[in-house]
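Everything below concerns the one structure shown next.
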Amino acid sequence: MSKKELLSKIGLRLDGRRAHELRRIRCKLGVFTEPDGSAYMEQGLTKVLAAVYGPHQVRGSKSKAQHDNVVINCQFSMAVFSTTDRKKRPRGDRKSTELSMHLQQALESVIKTELYPWSQIDVYVEVLHADGGIYPACVNAATLALIDAGIPLKEYVCACTASLANNDVPMVDISHQEEVLGGPTLTIAALPMSGKIVLMEMSQRFHLDHLDKVMNKALQGCKDIRRILDEAVRLHVRDVGSATGWALAT
Amino acid sequence: MFTTKTFIKKTRIGHFLKHVREHYIRDDISCGFRSCEKCNPVESFLSPNHHNKCALFNYDHYIILDTNVILDQMDVLEEAPIGNVIILHTVITEVKHRSLPIYKRLFTLIENPSKHFYIFTNDHHKDTYIEQLDGELVNDYNDRCIRKACSWYMEHLPNEKFILLTEDVNNRNIAIEEGITACSIFPYVKHMNDNAVLEDKLSRKEIYLDKDARDLFPPHLNNVQLLNGIKEGTLYQGTFRASRDNFLEGFVNVEALEDQVLVQGRTGLNRAVDGDVVVVELFDKSDWISPSDIILEDEGTVEDVEEIEQKEKQLKETTTKKGEIKPTGKVVGIIRRKWRQYCGILQGGLEGVYQLFVPADRSIPKIRIETRQAEFLKTQKLIVTIDSWPRYSRYPHGHFVRALGKIGDQSTENEVILLEHDVPHSQFSEEVLSCLPKLPWIITDEDLQKRVDLRDLDICSVDPPGCTDIDDALHCREVGDHLEVGVHIADVSHFIRPYTALDLEAQSRGTTVYLVNKRIDMVPNLLSSNLCSLRGGEERFAFSCIWEMDKKANILNTRFHKSIIKSKKAMTYEEAQMTIDDKSKNDNIAKSLRYLLMLSKILKKGRLDNGALVLASPEVKIMMDSETMEPLDIEVKKMFETMSMVEEFMLLANISVAEKILQDFPECACLRRHPVPPSSNFDPLIKAGRHLGLEINVESGKELAKSLDEAVKPDNPFLNTMIRILATRCMLQAVYFASGTMQKEDYFHYGLAVPLYTHFTSPIRRYADIIVHRLLAVSCGSDVTYPDLLDKAKTSEICQNLNYRNRMAQYAGRASIAFNTHLFFKGKLQDEQGYILYVRKNALQVLIPKYGLESTLYLARKGESSDIFEYNEEDQTQRAKDVVLHAFDPVKVRLSLNSDNIQHEKFVLQLVSPYIEGFSVPPIEEMDTSETNIESGKKRKKDGNEKKSKSKKNSKNTN
């Protein structure tokens, strides 16, 4: 009992959400002019910037270039001021490298890579504030940045976390506080329309009995996120379109 | 809606970190009224049919509570007349923060539909959320939140009436200013209908007796002063332990100091109660004294200050600086009160509403309570809790919680024992009972398919007489030249499925508690005495552990499976013994028993050679009159070979299972270990042995076992048992643990000298066995896991609870035996053969094996030295002229019961033989002639006994 209850008896979480509710998501496409595509994403207090360069010709060692695929280069970094304890270095540590790889894996599955042989796409994400669910926020931001860059995607790739409250009830979109207090967290990156899972990671072991319901919850979270992203994209396109004038034509 | 909360927190290592948290504000939170159309319908227990009746408010109303009311007046809130209460989330959070036990009680109230409580999440509601202002104290903020919620309710439901109950005068006044009906709980309860019981239960923080009451105690320092003092090293923090014999003396166990700190006198103790975490200030070394050795009993009545002053004087006079000088100090402040509920009785002879309550626990001071039912309560055992201890009051103030029953009743005493040992003993709830299988219970084909059919085997169970929860049965048969031995354990985990209410209840109870005349079951009776119990001639589910052994008891292979068995006969130890001894019997059961006995002897020998200890503790059985429930006789439990036979196979099964589950679940197996006691524990044993010329080697279990075996003297047949009793007292408790939480070396079971051990064989009465059953069932593929089973933290948590419950169950059992022994000896006077267990400075500790009784024979008044006896600390002897008393010497003592204090009856021993001039009493037969010989030591008490014994004799004569 000394532990805080993640889900109170009346069904509210510590921050006042219900188990199935996402945190507030705010996002914006095209926040920078220099990169080919960029996006800003807020999930609760977690804030992420993403920038996409490319496709362009392979830089650095040419040997990396592939004849049938585009090379996707992801770089993940966290601002030193993003956590309560000031971080020593923004990137290059193990966690960042791992997250970069995971990000790349998720994006490879959704970009129509065969369209750009001998080329490269760079994706940079920067966490400005970390409050749980860093990886999902990065994936979602990267998706938006890719869309902003006009790179053909099969569909949205969305990511979401889920965990168990009180060892029984699955809950979605885990905040930092819940991560620290609670048990294992499941992170899923999925193609919500087709329901494919492209990446799944657990912070600890789940019992098999729980895995199913937690995974479904996370998947549902991905679908909800897709809806929000989709809306943002349509809004953005309309704004940009109306600025250029073609929107008026319709 | 969305807002953030920012706060700064200090981490453990002293860094200051800024935390930002999200805080969502919602528009879907309901007010909890079914009649309300503005809110979403929600499940709520608020009911228009419940009426709070209070003469102050002549209308139906709903109550909103402030935190302080919940924290202090829980006992009142639990009463039925109070209902339709709205609990604000702000309040819940505050309660949780302040006191977890109260929080738990609050939640049981909220979940009880008949109480009509409703939680309103005001801090996430869009209209009642308010931001904390800059510089606003948390308390003020919370009060503001509560008032905001009240006014919202009034606005939201103009047809309903709401009353805010708060003890905070400030809050109340502002509330009334803002147009909220607010009231203190005291006038509220006073004006309720039928308030007699309720009013007694009110906790009173402040009672002014008369205005010029002078302060009896120095004030406590405030928290800041205390913390600074501790930091600077001028003050010390520790746990206060009151002396049982002297109400004006106590010790503080300070971690930073090697020695306990002695505190003495009214100002020294300064309102500390046993168990409190206090802060002490040490005196100068020159003022240090040694603990007094007089007995001071608090004989005061309500506000009798003179008496305490007189006692203090008496204490002062006796304090010496001779002897062992202890660090001395005084309590200057209290960090945390450890007040709980206390069992006890009212002190007689007081009139009026103010009564004094005398707790059964002698280290707790008397408590002053206010009650209108004093006459009734005087005949009762009751529960009281402490509310406060103001400076001007001699006794702490408390309030009555509930009555347990008539003093001296068996059922009341059982209740007291169970409460004092925190044994959950309420009836099983409907929810739990609904988990039971429906009767008639039949074995389906599906069951048959899953289980191995062993119904044709000649299985029998051997248990003590009168046992209804039979959880083990045995069989043995020849297979080729080998023997097949099976231990069949009731398959309780088949009926108790994880996560059901039944499982949770059993888990929290942990064990069945056996009192002398009552059994508090861990699982409902239907399971414990019927469906799980392996009764003779009935088909039952079992979990079988089957070994193939050769005739030298070497295990060739082991298998585990679930099975169906039909026990041929449920035997008692005596019956089994007779069957074995009766040469004319040659049926399968007799044969199998003979084989089992033979194997068990080999096993036992192997175990003992390995270094297993044979320990002893005096165990007795109390024969009860079945009608009057009075103890008829006390006898030491008889021993049969068959007992050790059954035990041997149970040990073997437990060991085999432990190996199996550890192999399959290295992280979360529930095992049992017995830690090696630190060698200093053995000091008294070694010392005692040395005086007898026995060298006791405690280097290892094996050496100890050997030394114990050799500790025999032909002239004292009981010596060996006594040495073993002493050895048992040196041991630590065996405990359950989760395998992942310990190092492999620590799994060792010292007493049994096996590297791995667990409990598998008594699932009906122990919860640990149920977990082990489930693990084993997964191992052998007949069941599936569930999350908590594989969670080592969870298993560890369960083990902690089981260890606690087991310990308490053991104490409760002993307390029950002690109580019944007292009952048995009431008014009796007997000469008995006893043995000296320890020799002390002014007393002998005597064991009377016939009754398994251990008591103290005082040679002199406590603290005084006797002029007859000469104590030799080195040799541990007492010499009176030419008689020398050693430890382990046989003595004859006269046994009687002193009932001066009805809460603390105790045995009084007097020496009969060896005869010592001026001290001993003659054997009962010669009583009448030698009254003058009685020593003055305990004159009053002895006189009492004298009279009793006379009347006893007289009655004998008339018979």
Side-chain angles (χ1 to χ4, degrees), chain A residues 1-5 7-18 21-26 42-47 81-86 128-133 164 166-170 173-184 204-214, chain B residues 1-6 8-9 11 13 15-26 28-30 32 42-44 87 89 92-93 96-97 100-101 103-104 106-108 110-111 118-126 129 498-499 667-668 784-794 797:
Chain A
M1 270 306 283
S2 59
K3 263 199 203 166
K4 274 196 173 167
E5 292 166 305
L7 193 67
S8 72
K9 299 221 160 69
I10 27 178
L12 289 184
R13 285 152 74 171
L14 292 169
D15 52 11
R17 286 183 287 157
R18 295 192 194 281
E21 287 173 342
L22 295 171
R23 288 178 287 177
R24 180 181 64 163
I25 293 182
R26 287 199 292 196
E42 244 180 53
Q43 262 182 286
L45 296 175
T46 302
K47 299 182 177 73
F81 50 82
S82 62
T83 49
T84 37
D85 261 331
R86 204 175 162 79
L128 301 178
H129 190 147
D131 187 44
L164 271 182
N166 309 342
N167 236 336
D168 186 32
V169 191
D173 200 8
I174 309 306
S175 72
H176 178 68
Q177 193 188 9
E178 290 167 333
E179 262 174 18
V180 174
L181 292 172
Q204 290 166 45
R205 282 196 298 182
F206 267 109
H207 192 272
L208 210 57
D209 289 7
H210 291 323
L211 183 62
D212 214 35
K213 54 183 179 189
V214 176
Chain B
M1 274 217 281
F2 180 88
T3 179
T4 55
K5 282 200 282 195
T6 311
I8 291 172
K9 217 172 160 182
T11 62
I13 39 172
H15 293 309
F16 287 91
L17 288 181
K18 184 179 165 191
H19 290 265
V20 185
R21 297 268 159 79
E22 288 167 275
H23 188 91
Y24 289 90
I25 298 163
R26 321 185 56 96
D28 62 348
I29 289 169
S30 164
V42 71
E43 200 190 324
S44 154
I87 307 282
H89 199 251
I92 290 189
T93 330
K96 189 175 181 185
H97 185 69
L100 261 187
Y103 174 77
K104 280 183 193 163
L106 178 61
F107 255 96
T108 35
I110 291 171
E111 279 161 8
Y118 176 72
I119 304 178
F120 178 63
T121 325
N122 63 319
D123 48 356
H124 289 289
H125 188 283
K126 66 177 166 50
Y129 170 78
Y499 298 125
E667 280 291 292
C668 57
V784 290
T785 60
Y786 59 97
D788 286 352
L789 188 66
L790 300 182
D791 187 344
K792 89 175 169 196
K794 185 84 195 174
E797 197 181 296

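Keep in mind that this is a model prediction, so the values were computed, not measured. The chains referred to below are lettered A, B, ... by the order of the sequence lines, with proteins before strands, and numbering in each begins at 1.
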Exercise. To the nearest 0.5 Å, what is the distance between CG (A/Leu12) and CG (B/Asp28)?
Worked result: 8.0 Å
For this session: Measure the spacing between OH of B/Tyr24 and CZ of A/Arg24 and express it to the nearest 0.5 Å.
Result: 7.0 Å
For this session: State the NE2-CG distance between A/His207 and B/Asp791, to the nearest 0.5 angstrom.
Result: 10.0 Å
For this session: Could you grab the distance from atom OG of A/Ser8 to atom NE2 of B/His124, nearest 0.5 Å is fine?
Result: 8.0 Å
Exercise. Does B/Glu43 CD have over 12 foreign heavy atoms under 6.0 Å away?
Worked result: no
Exercise. Can you tell me how far the CZ atom of B/Phe120 sits from the CD1 atom of A/Ile10, to the nearest 0.5 Å?
Worked result: 10.0 Å
For this session: Answer yes or no: does atom NE2 of A/His176 have more than 12 heavy-atom neighbours from other residues, nucleotides or ligands under 6.0 Å?
Result: no
Exercise. Chain B heavy atoms under 4.5 Å from A/Leu208: which part of the residue, side chain, backbone, both or neither?
Worked result: neither
Exercise. Got B/Arg26 and A/Arg18 here, is their nearest side-chain heavy-atom distance under 4.5 Å?
Worked result: yes
For this session: Would you give the length of the straight line joining atom NE2 of B/His19 to atom CG of A/Asp131, rounded to the nearest 0.5 angstrom?
Result: 11.0 Å
